Student: 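Supplied in structure tokens, the structure appears directly below.
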Amino acid sequence: MKENVIYTEKNNCQDCYKCIRECPVKSIKMEGNSASVIFDTCIYCGRCVRICPSDAKKYRDDLSRVQYWLSSGEKVVACLAPTFVTDFGYMTTDQLVKTLYKLGFAAVSEVAIGADIVARETNRWLAEQPDGVYISSACPAVVNYMHIYMPEALNHLSPVVSPMVAHARLLRKTLFPTEKIVFIGPCIAKKDERDYNAEVLDAAVTFQNLKRWFDEEKVELYPFDRIELPADFIIGRPGTGDMFPVDGGMLATMSADMKVAETDYMCFSGMEQVMDICGEIPQWKEKGKLFLELMACKGGCIKGPAMINHDGVAAKRRAMIQMHGQLQKSTLPYKPLTEPAGMDWINREFVRDYKVKCQYPEEDIVEALQSLGKRTVKDEYNCTGCGYDSCRALAEAMLNGKAHREMCVSCMRREAQEKASVLLQKMPYGVVTVDDKLKVVEANRKFAEIMGDELMQVYQAVPGLKGVDIRRVLPFHNLFESLLQSGGEMTEHDVREGDNFYHLSLVTIQQYKMVCGIIQNLRAPEMQHELLTERIREVIKQNVESVQRIAYLLGENASFTESMLNSIVDSREAGSFGSAGQKTE
């Protein structure tokens with residue numbers, strides 16, 4: 001059974017929609033107050049995992065499985081992605097290889113060997129093709145995208161497996177027919193690709209997993225100088241395939257004298273560019289032959305989602321160039337690797353189901369937009385706060401069951417403001433909100449009525465008194481100013497102003513920035529009635545409490561009296577009889 005590669009820790013999800021915004025194919029569904037991955041349409045580029053601010057997006061961790069195999073005495077072969085030279089740059093190549101040996105691996109081999117084979121065979125296949133557009137098949141996320149979303153472009157895809165699969169098949173066919181083979185690299189999509197190639201790959205572990213293992217084992221304390229490797233621990237030596245992880249690296253490997261800028265060879269990285277280019281292919285009318293190296297991660301595999309070195313693209317690319325051929329230059333012993341006869345074993349056979357994009361009638365989309373308050377084109381702000389690129393995209397996602405109207409920030413803000421305004425106007429007390437400049441943010445009609453006819457006239461001219469300086473309309477404005485300056489939470493004041501007597505409650509909404517005042521005129525008839533009712537209730541409450549206390553004391557006193565009388569009776573009876581039960585004189 002195929003396991004899910006990326007999943008959501010629902011308790012950690014904060015409904016920020018950042019994963020939706022970042023997902024190039026919008027394979028995210030809002031359900032149960034969390035953003036879940038839609039497995040059938042996910043291309044496993046890993047961007048949602050990398051950018052999730054609450055660490056809610058996780059990927060399957062295969063490390064414990066590998067550790068179990070090693071502890072059980074299984075022979076396990078490590079296949080290192082070429083980017084190890086940048087992600088583990090704090091270690092020398094010799095130290096990294098020796099660490100894998102000490103952890104229990106039976107052998108280590110570099111995936112760049114597979115890259116050399118893929119480059120050579122792709123070049124040979126490309127030379128036999130007629131004029132047209134052709135696409136590399138090295139990046140599993142790109143291959144997933146084409147299979148799921150662009151099946152009409154699949155005939156442009158190179159019929160060669162990825163370097164990881166080519167390398168694993170080579171190892172399986174030659175030296176390790178039954179041993180466990182484990183890929184180690186910065187790519188999450190490799191886990192999904194491994195699932196479709198389980199006959200040659202047993203697990204895919206990320207550099208993040210490996211670094212965690214290193215930290216747990218405190219490998220920095222290893223005496224590397226005293227560790228001796230078996231002569232056959234390192235399997236094979238790569239050629240120029242270790243440059244595959246940088247954009248343009250495949251093209252450079254395919255032909256040493258070929259320049260990346262040549263018109264019939266191009267490289268593009270980042271899913272946005274990949275999607276644009278795949279959409280252009282059906283309309284391509286140019287003559288000649290064009291080969292496209294497409295990579296899902298911007299800058300190539302050196303910026304994979306499970307990397308541990310977060311340097312910029314330029315820094316990592318420079319490091320790759322400087323570290324080029326490190327395993328070739330290593331003085332450690334290695335066992336030569338010979339390719340089997342024939343090349344059918346590297347043909348690509350991986351196929352995924354195409355997901356037909358639902359097309360909804362225009363009237364359904366319009367209805368969904370109207371439910372968001374988008375009744376005209378001008379209402380479609382396309383703010384992307386929901387995670388989708390446009391209001392129409394959100395409407396289609398709603399129809400598809402992937403989104404809900406509460407995701408529309410402008411819609412929810414408008415509804416909240418409307419509800420707040422209704423509640424504000426219906427309150428029986430005067431309410432006014434003031435900012436740090438003592439300008440009115442909002443006030444209800446009752447506030448203007450309580451403060452008199454003059455302020456009521458201003459309220460009618462300026463609805464809500466928005467922007468009015470509170471110092472010009474409220475005699476006791478200093479109370480607002482005092483709370484703003486102190487940053488306190490709440491204060492209560494009784495204020496006498498002429499013949500009026502007010503009770504003012506001040507509450508901090510945003511410390512030092514905004515204060516809300518709730519004001520009551522205690523001279524108003526309705527307030528007199530309310531105060532009288534409140535005081536009667538308080539008197540009743542106090543009397544009931546007094547009666548309860550009296551009853552308690554009476555009950556306690558009665559119990560004490562009864563106890564004393566019983567003890568006296570008992571003592572008198574005991575003194576009236578001797579030990580033999582005879583009455584004494």
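Because the structure is a prediction, the values reported are computed rather than measured.
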Student: Is there a side-chain contact between Thr83 and Met307 in this structure, where contact means two heavy atoms from C-beta onward sitting under 4.5 Å apart?
Tutor: no
Student: With no hydrogens and no angle check, is any side-chain donor or acceptor of Lys402 less than 3.5 Å from a backbone partner on Ala397?
Tutor: no
Student: Starting from the C-alpha separation in whole Å, work towards a yes-or-no answer on side-chain contact (heavy atoms from CB on, under 4.5 Å) for His156 and Leu292.
Tutor: CA-CA 10 Å; His156 300 275; Leu292 301 173; over 6 Å; no
Student: Quick one: CD1 on Ile365 to OH on Tyr360, what's the gap to the nearest 0.5 Å?
Tutor: 9.0 Å
Student: Is any side-chain heavy atom of Asp389 closer than 4.5 Å to a side-chain heavy atom of Lys26?
Tutor: yes
Student: Flag yes if more than 12 heavy atoms outside Arg212 fall under 6.0 Å of its CZ atom; otherwise flag no.
Tutor: yes
Student: Before giving the answer on side-chain contact (heavy atoms from CB on, under 4.5 Å), spell out for Phe207 and Ile184 the whole-Å C-alpha distance, their side-chain angles and the decisive distance to 0.1 Å.
Tutor: CA-CA 6 Å; Phe207 284 156; Ile184 304 174; 3.8 Å; yes
Student: Do Met146 and Ile281 touch side chain to side chain, with heavy atoms closer than 4.5 Å?
Tutor: no
Student: Say you draw a straight line from CG of Leu394 to SG of Cys408; how long is it, rounded to the nearest 0.5 Å?
Tutor: 6.5 Å
Student: Check whether any side-chain N or O of Asp192 sits under 3.5 Å from a backbone N or O of Ala189 as a donor-acceptor pair, and report yes or no.
Tutor: no
Student: With a cut-off of 6.0 Å (strictly less than), are more than 12 heavy atoms of other residues, nucleotides or ligands near CD of Gln370?
Tutor: yes
Student: Which value, rounded to the nearest 0.5 Å, describes the distance between Tyr388 atom OH and Ile20 atom CD1?
Tutor: 5.0 Å
Student: Could you walk me through whether Arg65 and Val182 satisfy the side-chain contact (heavy atoms from CB on, under 4.5 Å) test, starting with their C-alpha distance in whole Å, then the side-chain angles of each, then the deciding distance to 0.1 Å, before giving a yes or no?
Tutor: CA-CA 10 Å; Arg65 186 183 308 174; Val182 176; over 6 Å; no
Student: Any idea which heavy atoms bring Lys10 and Ser34 closest together, and the distance?
Tutor: CG-OG, 3.4 Å
Student: Is there a donor in the side chain of Ser410 and an acceptor in the side chain of Lys374, or the other way round, less than 3.5 Å apart?
Tutor: yes
Student: Considering all heavy atoms of both residues, which atom of Leu100 and which atom of Phe233 are nearest to each other, and what is their separation?
Tutor: C-CZ, 4.1 Å
Student: Hey, which of Ile321, Val85, Val246, Asp87 is the one that makes side chain to side chain contact (heavy atoms under 4.5 Å, CB included) with Lys316?
Tutor: Asp87
Student: For the CG atom of Asp116 and the CD atom of Glu110, what is their distance to the nearest 0.5 Å?
Tutor: 9.0 Å
Student: So do the side chains of Leu210 and Phe84 get within less than 4.5 Å of each other, counting heavy atoms only?
Tutor: no
Student: Please determine if Asp247 and Arg317 form a salt bridge, counting it only when a charged side-chain N lies under 4.0 Å from a carboxylate O.
Tutor: yes
Student: Which pair of non-hydrogen atoms, one from Gly299 and one from Ser269, has the smallest distance, and what is that distance?
Tutor: N-OG, 2.9 Å
Student: Would you say Met275 and Tyr149 make side-chain contact, with heavy atoms under 4.5 Å?
Tutor: no
Student: Grab the two heavy atoms, one from Asn309 and one from Thr86, that are nearest each other, plus how far apart they are.
Tutor: ND2-O, 3.0 Å
Student: Quick one: sort the Phe88 and Tyr90 rings into parallel, tilted or perpendicular, breaks at 30° and 60°.
Tutor: tilted
Student: So, does Thr8 use its side chain to make a donor-acceptor pair with the main chain of Ala35 at under 3.5 Å?
Tutor: yes
Student: Has the side chain of Lys102 got a donor or acceptor atom that lies under 3.5 Å from a matching backbone atom of Phe224?
Tutor: no
Student: Do other residues, nucleotides or ligands put more than 12 heavy atoms under 6.0 Å from the CD atom of Glu362?
Tutor: yes
Student: With rounding to the nearest 0.5 angstrom, report the SG to CZ distance, Cys79 to Arg194.
Tutor: 12.5 Å
Student: Which atom pair, heavy atoms only, marks the closest approach of Cys297 to Gly304?
Tutor: SG-CA, 4.0 Å
Student: Does Val160 offer a backbone N or O that forms a donor-acceptor pair with the side chain of Ser137 under 3.5 Å?
Tutor: yes
Student: Heavy-atom distance under 4.5 Å between the side chains of Phe105 and Val66, does that happen here?
Tutor: yes
Student: Report yes or no: does Thr508 contribute a side-chain atom to a donor-acceptor pair with the main-chain N or O of Gln511 at less than 3.5 Å?
Tutor: no
Student: Could you walk me through whether Val37 and Asn4 satisfy the side-chain contact (heavy atoms from CB on, under 4.5 Å) test, starting with their C-alpha distance in whole Å, then the side-chain angles of each, then the deciding distance to 0.1 Å, before giving a yes or no?
Tutor: CA-CA 9 Å; Val37 176; Asn4 295 331; over 6 Å; no
Student: Counting N and O atoms only, with roles assigned by atom type, does the side chain of Asp202 sit under 3.5 Å from a partner on the main chain of Ile181, one being a donor and the other an acceptor?
Tutor: yes
Student: Is it true that atom CG of Asp215 has more than 12 heavy atoms of other residues, nucleotides or ligands lying nearer than 6.0 Å?
Tutor: yes
Student: Between Asn144 (side chain only) and Ile43 (backbone N and O only), is there a donor and an acceptor less than 3.5 Å apart?
Tutor: yes
Student: Using side-chain heavy atoms (C-beta onward) and a distance below 4.5 Å, is Glu22 in contact with Arg47?
Tutor: yes
Student: Rounded to the nearest 0.5 Å, what separation is found between the CG atom of Leu103 and the CD atom of Glu216?
Tutor: 10.5 Å
Student: If you draw a 6.0 Å radius around NZ in Lys58, do more than 12 non-hydrogen atoms from other residues or ligands fall strictly inside?
Tutor: yes
Student: If every non-hydrogen atom of Phe176 is compared with every non-hydrogen atom of Ala107, which pair is closest and at what distance?
Tutor: CZ-CB, 4.0 Å
Student: With distance as the sole test, does Ser371 use its side chain to make a donor-acceptor pair with the main-chain N or O of Ala368 at under 3.5 Å?
Tutor: yes
Student: Answer yes or no: is there a donor N or O on one side and an acceptor on the other, between the side chain of Lys57 and the main chain of Arg50, under 3.5 Å?
Tutor: no
Student: So, do Leu294 and Tyr145 sit near enough that their side-chain heavy atoms are less than 4.5 Å apart?
Tutor: no
